[in-house]
There are 2 protein chains.
Amino acid sequence: MATRPRRGPRPAPQDSRSRILAAATAEFALRGFAATTVDRIAARARFNKAMIYYHFGSKQSLYRAVLRDIFTAMGDHLVRIADEPLAPGEKLDRFVAAFVAEGSARPEIAPIVLREVAEGGRRLDEETYTLMLRIVRTMTGIVQEGRDAGQFADVDPILLYLTTVWPIMIYLATSPIRSAIARVARFDVHRLDPERFVAHLQQLNRRTLAPVDAPVSRPTGVSS
Amino acid sequence: MATRPRRGPRPAPQDSRSRILAAATAEFALRGFAATTVDRIAARARFNKAMIYYHFGSKQSLYRAVLRDIFTAMGDHLVRIADEPLAPGEKLDRFVAAFVAEGSARPEIAPIVLREVAEGGRRLDEETYTLMLRIVRTMTGIVQEGRDAGQFADVDPILLYLTTVWPIMIYLATSPIRSAIARVARFDVHRLDPERFVAHLQQLNRRTLAPVDAPVSRPTGVSS
DNA sequence: GTCTATAAATAGATAGAC
DNA sequence: GTCTATCTATTTATAGAC
């Protein structure tokens, strides 16, 4: 890595690789793998096409690098929540809020993930698969913890994962066209504000996980 | 339409158009718009490429025809449920069960819809948009009806639509790789059986919609 | 490490015969 | 209505100069 010692601040650091990676992430999110051309990625990164092949070898392996990059960042962020010393109900609320926040900060993630799902995961290699699994485990772990502590009802963590994370993905993917949707369907955009959406999901989970015959606790203000 | 009167049963009816449509639906679902070639569609329909241009003019308008076809069928099926003389809670349960059933019977729908979402709906024309909206309205109508009757809690129908329909779409899209996922993540596949999934969603909605301080009613056996 | 060709393959679309 | 042949443009990938 430290092959070329730098002097002036002029040419950006080991910049080129990550510049390509960022450009590729944006393009793949926008158009999907097949419709994205290496030329466009190069143009966005303000490089030449050959530069990409020099650094990544092929379009495929560049795409794989993008996937790993994305899931690593997302996972790192979410895993921390499960480790905090909080009640399971709190953790779950935070998981939801953090997922929405992190996904909003990296708007390329949702479209890419959804396309991967539509593809039946055919492009996912072993490593990427493991990275995705880590995120699943983070959430199911929290639910299981709550069940073991007798604080949650007997709900299957996998199913709750399905009904929690995926509405978020769709929510994130449709964010850019949110106001257009609201206009055409004739409802107030504010009904889809992130705070309302997060609160809805948190309440959904609280009510679903409330032990039978126990009062439903109120969600805390984690998201706001 | 009735240009050529038929005699023998030999050459299939006005078959060719629908054969192309079916082939196109399968291919677009499998690979997405960009990665699908007109040649492959033709091959699957056992026709020549030129046949497709004769009937549909371009790859784009063929794709549009596929979208309209899909949403019309799906919508027709779901709208009926809202019109049945049932309690809102019942209707909602049936809506969920019917959505899963119909989506399973037409496995091409989910991947295509998810790719469209990832695309930001850029390929959707006015007509298709209306067809999608009809499905949204079907569900939000049921929820609104329950609220008006004082049988449901004060939950935003749009948000409930988000958290109901989209987990189903993901569930359907991942169906082909369900067992692979279960194996890698090391849990029993049966936990993702359609009946369990439907029951989970129904319970989620029941608990969420239960009027405050009222007992949560038990889901009826609509799905089983 | 970065760029300028350019090779090689592929895919959307059309012309025109039958 | 259906097919063969072909045109044209695009795109992945590489060779080779700097």
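These values consider heavy atoms only, across backbone and side chains, with no hydrogens, waters or symmetry-generated copies.
Looking at residues two or more places apart in sequence or on another chain, you find a ring-ring contact (aromatic ring centres under 6.0 Å, His included) between A:F28 and A:F33, A:Y63. Taking the side chain to side chain contact (heavy atoms under 4.5 Å, CB included) definition, one finds that A:R122 meets it with A:E119, B:L30, sequence neighbours left out.
In this structure, B:R46 atom CZ and D:dC3 atom C1' are separated by 16 Å, rounded to whole Å. Rounded to a whole Å, the CZ atom of B:F47 is 13 Å from the P atom of D:dT4. Straight-line distance from the CG atom of B:L62 to the C1' atom of C:dG12: 13 Å, rounded to whole Å. Atom OH of A:Y54 is separated from atom P of D:dG16 by 18 Å (rounded to the nearest Å). Between B:F56 atom CZ and D:dG1 atom P there is a gap of 12 Å when expressed in whole angstrom units. Per the geometry, CG belonging to B:N48 stands 16 Å off P belonging to C:dA15, to the nearest Å.
Here C:dT14 is the nucleotide among C:dG1, C:dC3, C:dT14 with the atom lying nearest to any side-chain atom of B:A50.
Between B:F197 and B:Y171, the ring-plane angle classifies as parallel under the 30° and 60° cut-offs.
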Tabulate atom names and distances for all N/O pairs under 3.5 angstrom spanning the protein and nucleotides 8-12 of chain D.
from   : atom 1 : to    : atom 2 : distance (Å)
D:dT12 : OP1    : A:T36 : O      : 3.2
D:dT12 : OP1    : A:K59 : NZ     : 3.1
D:dT12 : OP2    : A:V38 : N      : 3.1

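The closest side-chain donor-acceptor pair between B:N205 and B:T164 falls under 3.5 angstrom. Checked by atom type, the side-chain pair A:S175/A:R178 shows a donor-acceptor distance below 3.5 Å.
Between A:I52 and A:V38, the shortest heavy-atom contact is CD1-O, 3.6 Å.
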